[in-house]
Protein chains: 2
Amino acid sequence: MVSFIRGCYRGPMSTEVPARRYAKGEAKRRQILIAALAVVARHGYRNSTLQEIADAVGLTKAGVLHYFDSREDLMAQVLRERDAHDGTAYTPADGDSLTQLGRTVEHNGSVPGLVQLYSQVVIEAEAPEHPAHAFVRDRYGALVASLAEGVRRRQRAGTAGPDLDPVAVARIAIALSDGLQLQWLHDQSLDMSGVFDTAMDLVLEARPPRAS
Amino acid sequence: MVSFIRGCYRGPMSTEVPARRYAKGEAKRRQILIAALAVVARHGYRNSTLQEIADAVGLTKAGVLHYFDSREDLMAQVLRERDAHDGTAYTPADGDSLTQLGRTVEHNGSVPGLVQLYSQVVIEAEAPEHPAHAFVRDRYGALVASLAEGVRRRQRAGTAGPDLDPVAVARIAIALSDGLQLQWLHDQSLDMSGVFDTAMDLVLEARPPRAS
DNA sequence: AGGAATACCTACCAATGGTAAGTTTTATCC
DNA sequence: GGATAAAACTTACCATTGGTAGGTATTCCT
């Protein structure tokens, strides 16, 4: 069981060194991740077979499974890689996390394969034994924290209702993002980004209560 | 009710006659639907096998497949039946559809199995060849229409911002419902209903814009 | 060059969804 | 109250797929 690295999740706070691999292997690994996403985009998540992914990169099933513990693990890693790459998730304290989330929503409107994969992994990972369980959990946690902080900053700046519960608003923003993506999968004419911005504007409303 | 329908989806506009079947079969069919939901609740969607469902009702796999075209079809029918039963979906014009949706969200907080099944089917059904594709599409459509009408009624009553786009608000409500359920699956301590109500209150806000 | 770790393949297995074809049960019609 | 047609099943059986075991070839470091 070689896998000191494979399968085990390394969160943002983890500093473990990656398992040493040969250059060729590292390249192949990346290639697999890219191919997997492409295959999902073409045939959908549940119709994406290990065999087809393997074919796409000139390997056998077993060859692919040399890099990933399982199909589920592979799919989860696609997400993780993507997540780390375009840094949508763990937004550092500098940028505005709410704006960043909005941008991510907008961007996702161009990658249906990724959206489907994301939704699918999130649901599957509900099972505690799923390889991405901890990942998704941590991701949600980090997102909530980051967004809540963004809300607090806006409250200080006066661009968000002072009585809003930052954590609740964070959860609302995430729910909107996830939920709109679900709808969008069934109707890609939906303007996810527009609806998201509209909703968030209303939620963050800094206007004083109506004189009742 | 339309409980005697099977296999093929009959939307609101369909008038086809139900396939005739014996009383015993009808009972068995119900039993299977209930058992399927129970199995999903226990082991999760992807770990719910036809075999186990069959065992639960004293049949073989093939026996179950006599009633449903496929596993996916079975799962979709569980949703459909449930949908028709507690009438959450096609809310008639009488009640307030927004309140109704809120109640459904609250109720779903007690049935994790159903929530998981629902989410899973919605994602799977993105594929046009999925047996529940048309169902989910129609369901979304009907929900949007119903909720949008609810928003309009509130606007007339002065309990919703007059400038709100009813359809957009409808989509927002659905997204919140779906998205919160996704989060809730990973953290059942989340107060779905509370967050949902909070968000909708903010979105529907009828307060006048702040004097900028 | 030597040697350890990696990269990768060839079988092989078990589980699962699904089908084909037949047998038994159920209700209906003379 | 049997004949009969349809529904309610069952017993094989198949194909796909994820995954494993174990071996061979390749890479890289010293």
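Throughout, protein chains are lettered first and strands after them, A, B, ... in sequence-line order, and every chain is numbered starting at 1.
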What integer distance in Å separates [X]:[atom1] from [N]:[atom2]?
X: B:Glu26; N: D:dC9; atom1: CD; atom2: C1'; result: 16 Å
X: B:His43; N: C:dT16; atom1: NE2; atom2: C1'; result: 16 Å
X: A:Leu59; N: D:dG19; atom1: CG; atom2: C1'; result: 16 Å
X: B:His66; N: D:dC9; atom1: NE2; atom2: P; result: 7 Å
X: B:Tyr67; N: C:dG17; atom1: OH; atom2: P; result: 19 Å
X: A:Gln51; N: D:dA15; atom1: CD; atom2: C1'; result: 13 Å
X: B:Asp73; N: C:dT19; atom1: CG; atom2: C1'; result: 16 Å
X: B:Arg71; N: D:dT16; atom1: CZ; atom2: P; result: 19 Å

- Reckon B:Thr60 has a side-chain N or O less than 4.0 Å from the OP1 or OP2 of D:dT10? yes

- Task: For C:dG17, take OP1 and OP2 only and decide whether either is under 4.0 Å from a side-chain N or O of B:Ser70.
- Result: no

- Side chains of B:His186 and A:Glu126, donor plus acceptor under 3.5 Å: no

- Quick one: do the A:Tyr118 and A:Asp178 side chains pair a donor with an acceptor below 3.5 Å?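 A:Tyr118 vs A:Asp178: donor-acceptor pair found between side chains.
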
- Message: Do B:Leu101 and B:Phe196 make a side-chain contact, defined as non-hydrogen atoms from C-beta onward lying under 4.5 Å apart?
- Response: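 With C-beta onward as the side chain, the pair touches.
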
- Query: Which residue, A:Asn47 or B:Gly25, contacts DNA chain D at a nucleotide closer to its 5' end, judged by nearest heavy atom?
  - Reply: B:Gly25

- Search all heavy atoms of A:Leu147 against all heavy atoms of A:Ile174 and return the closest pair with its distance.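 Minimum heavy-atom contact is CD1-CG1, 3.5 Å.
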
Return the nearest nucleotide to the side chain of [X]; candidates are [options].
X: A:Lys24; options: D:dA8, C:dA7, D:dT10; answer: C:dA7
X: B:Ala23; options: D:dA21, C:dA27, C:dC8; answer: C:dA27
X: B:Leu50; options: D:dT20, C:dG17, D:dG18; answer: C:dG17
X: A:Arg21; options: C:dC8, D:dT11, C:dT6; answer: C:dT6
X: A:Leu65; options: C:dA7, D:dA8, D:dT20; answer: D:dT20
X: B:Ala62; options: D:dT11, C:dT16, D:dC9; answer: D:dT11

- Message: For a quick check of understanding: with a heavy-atom distance under 4.0 Å over all strands, which category does A:Thr49 fall into, base, sugar-phosphate or nothing?
- Response: sugar-phosphate

- Message: Classify B:Lys28 by what it touches in the nucleic acid, base, sugar-phosphate, or nothing, heavy-atom distance under 4.0 Å.
- Response: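 Contact class for B:Lys28: sugar-phosphate only.
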
- Query: Is there a donor and acceptor pair closer than 3.5 Å between the side chain of B:Tyr22 and the base of D:dA6?
  - Reply: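 Looking at the base of D:dA6, it does pair with a donor or acceptor on the side chain of B:Tyr22 (distance under 3.5 Å).
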
- Query: Between B:Phe68 and B:Arg80, is there a cation-pi geometry (under 6.0 Å to ring centre, at most 45° from the normal)?
  - Reply: no

